[in-house]
Each structure stands twice: as structure tokens, then as C-alpha cells.
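Would you mind keeping the following structure in view while I ask a few things?
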Amino acid sequence: MLSTSGLDATFAALADPTRRAILARLLEGEASVLELAEPFAMSQPAVSKHLKVLENAGLITRGRDAQRRPCRIEVEPLTQVNHWLDRYRTLWEAKFQRLDTLLEELKDEEKAMKAEGGNEA
């Protein structure tokens with residue numbers, strides 16, 4: 001299980017839309033800092049700072065390929081966040097199931113009332 005500090009680092013890294021966009025790009029495959037900087041109106045050093053946050057959170061790793069340092073996404077922190085969220089997902093699914101049951105009961109009551117009203121006319 002991911003430690004509290006690991007969860008904090010992951011959520012902090014994911015809180016920024018630029019970092020989420022970088023992760024989305026890395027889903028397509030590894031990329032250099034220059035490639036990752038292309039869609040953003042910011043300098044390469046600014047993108048490098050975002051990458052450092054992602055790297056410190058364990059969400060990416062940087063390799064070395066001659067002079068190029070390709071970035072790769074790491075799924076383990078996201079998998080751990082998903083496991084953490086599963087407890088809450090289970091809670092909400094149970095609440096939605098109860099709501100579905102209540103709505104079905106209300107529909108059945110409404111149909112019954114309409115049927116009774118139709119027999120009196």
C-alpha cells in the first residue's frame with residue numbers, strides 16, 4: 001500500500017493540469033523534455049520543473065539515451081491511488097444501489113396508483 005506521504009505526493013502532482021497533460025501524453029509512449037514542452041506556452045525549464053514533481057512522486061522515470069533523457073510514465077503510484085479510491089468507490093456503489101432500489105419502488109407505486117385511478121373512471 002502506498003504510504004500517506006506517497007499518496008500526498010501523487011495527489012499534489014496530479015493537482016496541476018499541466019502535469020496531468022504531461023502524463024496523458026506519456027500514455028502514448030516515452031518523450032523527451034522538448035517533445036513534452038511543445039504543446040505548452042512555457043519554457044523548457046518550466047516543463048522540467050513539472051517533470052521533477054512528477055518524478056519525485058514516482059509518476060515518471062527518466063532514462064538516458066545518449067544525450068536524450070526520455071521520460072516514461074510509471075503506473076504503480078496510480079495503481080496505488082486506485083486501490084485507495086476503491087474503498088470509497090465501494091461505498092458510493094452501495095449508495096447508488098440503494099437509490100436505484102428506491103427509484104424502482106417509487107416507479108412501481110406510481111404505476112399502481114395510475115392503475116387504480118384508471119379502474120375508477
Side-chain angles (χ1 to χ4, degrees):
M1 187 67 167
L2 195 62
S3 69
T4 301
S5 62
L7 277 173
D8 292 347
T10 301
F11 282 125
L14 294 173
D16 186 277
T18 299
R19 292 191 285 267
R20 290 192 306 270
I22 289 169
L23 287 176
R25 165 51 187 89
L26 290 174
L27 285 173
E28 300 170 14
E30 68 179 37
S32 69
V33 176
L34 287 174
E35 292 167 329
L36 292 170
E38 280 179 19
F40 303 106
M42 64 178 68
S43 66
Q44 181 181 341
V47 171
S48 291
K49 286 181 182 180
H50 284 292
L51 293 175
K52 191 68 171 167
V53 172
L54 291 168
E55 189 173 26
N56 288 340
L59 291 163
I60 67 165
T61 55
R62 294 197 231 190
R64 192 167 291 274
D65 182 14
Q67 294 179 357
R68 188 171 176 259
R69 293 199 61 203
C71 298
R72 294 176 191 86
I73 193 166
E74 294 294 328
V75 297
E76 184 58 28
L78 295 173
T79 300
Q80 294 299 325
V81 167
N82 191 45
H83 289 306
W84 182 82
L85 289 170
D86 273 341
R87 296 180 296 174
Y88 301 97
R89 186 176 297 118
T90 301
L91 172 74
W92 280 105
E93 285 173 355
K95 288 183 181 284
F96 286 136
Q97 183 59 48
R98 286 195 300 269
L99 180 59
D100 285 344
T101 301
L102 177 62
L103 290 174
E104 285 301 317
E105 289 172 3
L106 292 172
K107 284 181 188 177
D108 291 344
E109 287 177 17
E110 185 178 354
K111 285 180 187 176
M113 287 176 33
K114 284 182 180 178
E116 287 176 10
N119 290 337
E120 294 175 6

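Worth saying up front: this structure is predicted, and the values here are computed from it rather than measured. Residue indices begin at 1 and follow the sequence shown.
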Checklist entry - Out of curiosity, T79 OG1 to W84 CH2, how far, rounded to the nearest 0.5 Å? => result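 Separation between the atoms: 15.5 Å.
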Checklist entry - Of all heavy-atom pairs between I60 and L26, which one has the smallest distance, and what is that distance? => result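 So the minimum-distance heavy-atom pair works out to CG2-CD1, 3.6 Å.
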Item to check | CG-CD distance between L7 and Q80, expressed to the nearest 0.5 angstrom | outcome: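 So the CG of L7 and the CD of Q80 are separated by 8.0 Å.
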Next on the checklist: Checking V33 against R69 for the side-chain contact (heavy atoms from CB on, under 4.5 Å) test, could you report, in this order, the C-alpha distance in whole Å, the side-chain angles of both residues, the deciding distance, and whether it holds?
Outcome noted: CA-CA 8 Å; V33 176; R69 293 199 61 203; 5.9 Å; no
Item to check | Single-linkage hydrophobic cluster, 4.5 Å side-chain cutoff, L27 and V75 together | outcome: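 Result: no, two separate clusters.
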Checklist entry - Atom NZ in K107, atom CD in E104: separation rounded to 0.5 Å? => result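 Output value for this atom pair is 4.5 Å.
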Next on the checklist: So which atom in A57 and which in T10 form the shortest heavy-atom distance, rounded to 0.1 Å?
Outcome noted: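 Shortest heavy-atom contact: O-OG1, 4.0 Å.
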Checklist entry - Would a hydrophobic clustering, with Ile, Leu, Val, Met, Phe, Trp and Tyr connected at side-chain separations under 4.5 Å, put L91 with L99? => result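 They do not share one cluster, since no chain of ILVMFWY contacts under 4.5 Å joins L91 to L99.
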Next on the checklist: With side-chain contact (heavy atoms from CB on, under 4.5 Å) as the criterion, how do M42 and V47 come out once you've worked through the C-alpha distance, each side chain's angles and the decisive distance to 0.1 Å?
Outcome noted: CA-CA 7 Å; M42 64 178 68; V47 171; 3.6 Å; yes
Next on the checklist: How long is the straight-line distance from CG of L14 back to CZ of R19, given to the nearest 0.5 Å?
Outcome noted: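 These two atoms lie 8.5 Å from each other.
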Checklist entry - Between CG of L23 and CZ of R20, what distance do you get to the nearest 0.5 Å? => result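 Those atoms lie 9.5 Å apart.
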Checklist entry - Going from CG on L59 to SG on C71, what distance comes out if it is rounded to the nearest 0.5 angstrom? => result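 Result: 12.0 Å between the selected atoms.
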Next on the checklist: I need the minimum non-hydrogen distance between R25 and E35, along with the two atoms involved.
Outcome noted: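 Reported closest heavy-atom pair: NH2-OE1, 4.5 Å.
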Checklist entry - Taking 4.0 angstrom as the limit, do E110 and K114 come out as a salt bridge? => result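 Looking at E110 and K114, the cut-off is met.
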Next on the checklist: Under the criterion side-chain contact (heavy atoms from CB on, under 4.5 Å), I'd like the reasoning laid out for D86 against H83: C-alpha separation, chi angles, the key distance, then a yes or no.
Outcome noted: CA-CA 5 Å; D86 273 341; H83 289 306; 4.1 Å; yes
Checklist entry - Between L85 and L78, is there a shared hydrophobic cluster once you connect ILVMFWY residues whose side-chain heavy atoms come closer than 4.5 Å? => result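 No.
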Next on the checklist: Please say yes or no: joined through hydrophobic side-chain contacts below 4.5 Å, possibly via intermediate residues, are V53 and V81 part of one cluster?
Outcome noted: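 No: no chain of side-chain contacts under 4.5 Å links V53 to V81.
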Next on the checklist: Testing the basics here: between E74 and G58, what is the closest heavy-atom pair and its distance to 0.1 Å?
Outcome noted: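 Where E74 meets G58 most closely, the heavy atoms are CB-O, 3.2 Å.
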